[in-house]
Every structure is written in structure tokens, then in C-alpha cells.
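Only this structure's heavy atoms are used, side chains among them; waters, hydrogens and symmetry mates stay out. Note on naming: letters A, B, ... go to the chains in the order of the sequence lines (proteins, then strands), and numbering restarts at 1 for each one.
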2 protein chains.
Amino acid sequence: MDPSTNEDGVGLAFALLASAARMAERIDEGVARRGFSGLRPTHGFAFAYLAPAGGTVTGLAAHLGVTKQAAAQLVDELEAKGYVRRGPHPRDARARLVELTEAGRACTRAAEEAAAEAAGAWSEAIGADRMALLRRDLERMAEGGPIRPTW
Amino acid sequence: MDPSTNEDGVGLAFALLASAARMAERIDEGVARRGFSGLRPTHGFAFAYLAPAGGTVTGLAAHLGVTKQAAAQLVDELEAKGYVRRGPHPRDARARLVELTEAGRACTRAAEEAAAEAAGAWSEAIGADRMALLRRDLERMAEGGPIRPTW
DNA sequence: CCCTGATGGTCAAGCGCCTTGACCATTGCG
DNA sequence: CGCAATGGTCAAGGCGCTTGACCATCAGGG
């Protein structure tokens with residue numbers, strides 16, 4: 001394989017991973033600044049899954065790409081902090097429906113604002129038109145597989 | 001803040017994080033497929049730091065954004081697997097110079113190929129011209145801070 | 001020329017988050 | 001109805017990282 005082609009791939013890969021790291025940091029920092037402390041990015045992915053209509057622990061596990069035990073532990077933590085509530089599942093007595101509380105929704109909004117803030121800063125640097133393109137391309141790349149990063 | 005603006009930011013953020021996750025997976029998988037097993041993405045970042053001229057454990061720690069103990073442990077592991085070698089430092093008797101072995105360089109090349117492969121597949125989907133733009137924008141975003149993601 | 005603070009490195013202990021493994025309750029299909 | 005499949009939990013363990021303490025060496029000012 002042509003080495004110079006490798007160079008390009010490596011450059012893109014590093015840029016992608018590093019910029020994602022920056023993004024995660026900024027959102028985390030923005031969320032904390034809005035008064036929600038002790039939350040890690042993984043929690044954000046959980047919120048995103050639960051926000052529309054709640055969900056099950058197993059569903060969350062699949063969404064995050066972790067075992068259901070890990071997901072259950074995450075939910076325990078969020079429940080203890082008052083961000084989610086476990087209730088009976090309407091159509092399955094085995095399952096429990098996990099839903100966001102009002103605090104959870106407030107936290108979700110804070111995360112959205114933080115994400116918008118980070119994206120906005122970036123948009124200023126490269127231009128809004130580029131930003132739209134960028135998003136489309138990234139979404140294309142992101143297809144398939146769980147959300148939570150492995151490394 | 002305008003909610004629709006939030007939506008955009010969230011979309012971009014998720015796309016970025018998820019696509020980075022896919023990229024890490026693909027590289028990891030590509031490296032494993034080339035015969036280098038038991039290596040995690042963090043190791044790749046270490047290789048990248050050490051490749052040009054070697055380095056110290058403390059320098060590596062700063063590069064990765066972890067404690068020097070964690071970096072030392074990483075180097076122990078890489079040394080045990082034969083990818084790096086610890087030698088005396090030419091200008092500082094306190095420090096030890098960590099360098100890639102031939103196996104380490106081979107592994108680095110494999111990682112580069114895997115990254116190029118992943119980037120190539122992506123390039124086919126969105127076009128090479130977009131790809132160049134994308135890389136520039138991402139590099140701009142990535143500036144500052146250690147490489148290794150926090151989450 | 002030393003003394004002293006800064007720096008590179010290591011040892012030891014602990015912790016957070018995740019995994020594997022086993023198990024129970026409920027479901028829904030043959 | 002019977003039984004594999006599914007949702008969930010309990011228990012134990014591990015891996016990678018952190019904090020804390022420590023030693024050896026370096027470097028600059030008295």
C-alpha cells in the first residue's frame with residue numbers, strides 16, 4: 001500500500017479521535033458548569049436513549065454496547081441521583097420501565113445546551129455551511145453499532 | 001437559547017462521537033487482523049508518540065493525559081510484548097529512553113494501514129475531496145489537549 | 001561547591017467501571 | 001401445557017486508572 005495514502009488515513013483518524021475527545025470534554029464541562037456534577041459522558045448517552053419514551057435496562061445495554069449488568073448499575077446510579085425512576089412495564093411483567101424524572105429532563109436540556117455551545121464555537125471557526133456538511137458526513141460514518149466508544 | 005439550535009449541536013456531537021467510536025473499532029479490528037492482538041487504541045496513541053524518536057514515560061503520560069504511573073504500566077505491558085525497549089537516556093541519568101523495537105515499528109505500520117483502510121472506505125462513501133475538507137476541519141477542532149479521550 | 005527545589009521514575013494500595021457466571025421470573029411460541 | 005427465550009438481579013473478579021509516598025538525579029542560586 002502506498003505510504004502517503006497511509007499518512008492521510010492516519011491524519012484523519014487522529015483528527016477524528018482527538019476532536020471527539022475535545023467535544024466530549026467540552027460537553028462534560030458545560031454540563032458541570034450548569035450545575036449537574038458527577039456525570040460522565042456515558043450518562044449522556046443513556047439520557048439520549050431514555051429521553052423519548054423511557055426504556056428497559058436491556059435496551060439501554062444494547063444501545064450503549066455494554067452488558068446488562070453494567071447498564072443496570074448505571075441506572076442504579078442515575079436513580080440514586082434522582083435523574084431516572086424505575087416503574088412497572090406496561091406490557092411486560094418481567095421488565096421495568098426506566099424513565100427520566102424532571103431532574104433528568106433538566107439535565108438532558110443542559111447537555112443539549114452544552115453540546116450546542118461546543119458546536120457553536122466550532123461553527124464559528126469553520127463556518128456554518130461547512131458545519132452542515134460535516135455533520136452529514138459524520139452521520140454517514142457513524143451508522144451501525146452502539147454509541148458508546150470502546151477505547 | 002433556541003431549541004432548534006440545540007438540536008443541531010446535539011446531532012453534530014453525537015455524529016462526531018459515534019463516528020470516532022466506529023473509527024476506533026475499525027482500526028482496532030484491522031490491527032488485530034494483521035496479527036497484532038491484545039492491543040487497545042491507547043497503545044496506538046503511545047506508538048504514535050514513541051515512533052519518531054522514542055520518549056520518556058513522563059512525556060508519554062503527558063501525551064496521553066494520564067498519570068505517569070499509568071504510562072509506566074502501559075510501557076511495562078508493551079515491553080513484555082516486545083514492542084518497546086527501555087534503555088538509558090543519553091542526557092539524563094534519571095530518565096529512561098523508551099523506544100520502539102522492530103516489532104513495534106511493524107505494529108505501527110499495521111495501525112497506519114488499518115487507519116488508511118478505514119479512512120479509504122469512508123472516502124469512497126463521501127468522496128475524496130470532502131475527505132480532505134473533513135480532515136482539515138477536524139484538525140482544527142482537535143487542537144490542544146491530550147490525545148486520549150476521557151470517557 | 002553544596003544545598004534545595006524540581007523532575008523522572010517506581011512501589012503500594014485502592015477504586016471505578018466493566019466483565020463473566022449463575023440464577024430467578026415471566027413470556028410467548030410450538 | 002412445556003420449554004426455550006428474554007428481562008432482570010446477585011455475586012465475584014479483573015483491568016486500567018488514580019492517589020500517595022518515596023528514591024535518584026538534575027539544575028540553579030547562595
Undergrad: Atom CG of A:L39 to atom P of C:dG16: distance rounded to whole Å?
TA: 16 Å
Undergrad: Which whole-number value in Å describes the distance from A:H89 NE2 to C:dA25 C1'?
TA: 15 Å
Undergrad: Given atom CZ of A:R96 and atom P of C:dT27, what is their separation to the nearest angstrom?
TA: 15 Å
Undergrad: Can you check the A:K68 NZ to D:dT9 C1' distance for me, whole Å?
TA: 9 Å
Undergrad: May I have the distance from A:D92 (atom CG) to D:dA5 (atom P), rounded to whole angstrom?
TA: 17 Å
Undergrad: How long is the straight-line distance from CE of B:M141 back to CZ of A:R22, given to the nearest 0.5 Å?
TA: 8.5 Å
Undergrad: Are any of A:R40's side-chain N or O atoms less than 4.0 Å away from OP1 or OP2 of C:dC17?
TA: yes
Undergrad: Return the value, rounded to whole Å, for the distance between atom CG of A:D76 and atom P of D:dG7.
TA: 18 Å
Undergrad: Using the ring-ring contact (aromatic ring centres under 6.0 Å, His included) rule, collect all pairs that involve residues 64-104 of chain A, keeping only residues at least two apart or in two chains.
TA: A:F47-A:Y83
Undergrad: Take the protein atom CG of B:L97 and the nucleotide atom C1' of C:dT7, then report the distance between them rounded to whole Å.
TA: 17 Å
Undergrad: Checking all strands, does B:T67 fall into the base, sugar-phosphate, or nothing category for heavy-atom contacts under 4.0 angstrom?
TA: base
Undergrad: Could you state the atom-to-atom distance from CG of A:L60 to P of D:dT6 in whole Å?
TA: 18 Å
Undergrad: Using the closest heavy atom to pick a nucleotide of DNA chain C for each, name whichever of B:R86 or B:Q73 lands nearer the 5' end.
TA: B:R86
Undergrad: Nearest-nucleotide wise, let me know which of A:E77 and A:A93 is further upstream toward the 5' end of DNA chain C.
TA: A:E77
Undergrad: Out of C:dT10, C:dT19, D:dT18, which has the shortest distance to the side chain of B:A70?
TA: D:dT18
Undergrad: If you count heavy atoms of other groups shown closer than 6.0 angstrom to CZ of A:R136, is the number above 12?
TA: no
Undergrad: Just to verify, what does A:Y49 make a ring pair (Phe, Tyr, Trp, His ring centres under 6.0 Å) with, not counting sequence neighbours?
TA: A:H63
Undergrad: Look at the side chain of B:Q69 against the base of D:dG16 and say whether a donor-acceptor pair falls under 3.5 Å; ignore hydrogens and angles.
TA: no
Undergrad: Can you see if the side chain of A:R91 gets near the phosphate of C:dT26 - specifically, an N or O under 4.0 Å from OP1 or OP2?
TA: no
Undergrad: Stepwise, does the side chain to side chain contact (heavy atoms under 4.5 Å, CB included) test hold for B:V66 with B:T42?
TA: CA-CA 11 Å; B:V66 299; B:T42 300; over 6 Å; no
Undergrad: Could you check A:L100 against A:T108 for side chain to side chain contact (heavy atoms under 4.5 Å, CB included), going step by step and ending with a plain yes or no?
TA: CA-CA 9 Å; A:L100 293 186; A:T108 302; 3.6 Å; yes
Undergrad: Under 3.5 Å, is there an N or O donor on one side and an acceptor on the other linking the side chain of A:R94 and the base of C:dT27?
TA: no
Undergrad: Side chain of B:A72: nearest nucleotide among C:dG9, C:dT10, D:dC17?
TA: C:dT10
Undergrad: Can you figure out which of D:dC17, D:dG8, C:dT26 approaches the side chain of A:T58 most closely?
TA: D:dG8
Undergrad: Check the phosphate of D:dG7 against A:T56, side-chain N and O only, distance under 4.0 Å to OP1 or OP2. Yes or no?
TA: no
Undergrad: Checking contacts here: which listed nucleotide (D:dT9, C:dG9, D:dC17) is nearest the side-chain heavy atoms of B:V66?
TA: D:dC17
Undergrad: Side chain of A:V57: nearest nucleotide among D:dT25, C:dC18, D:dT9?
TA: D:dT9
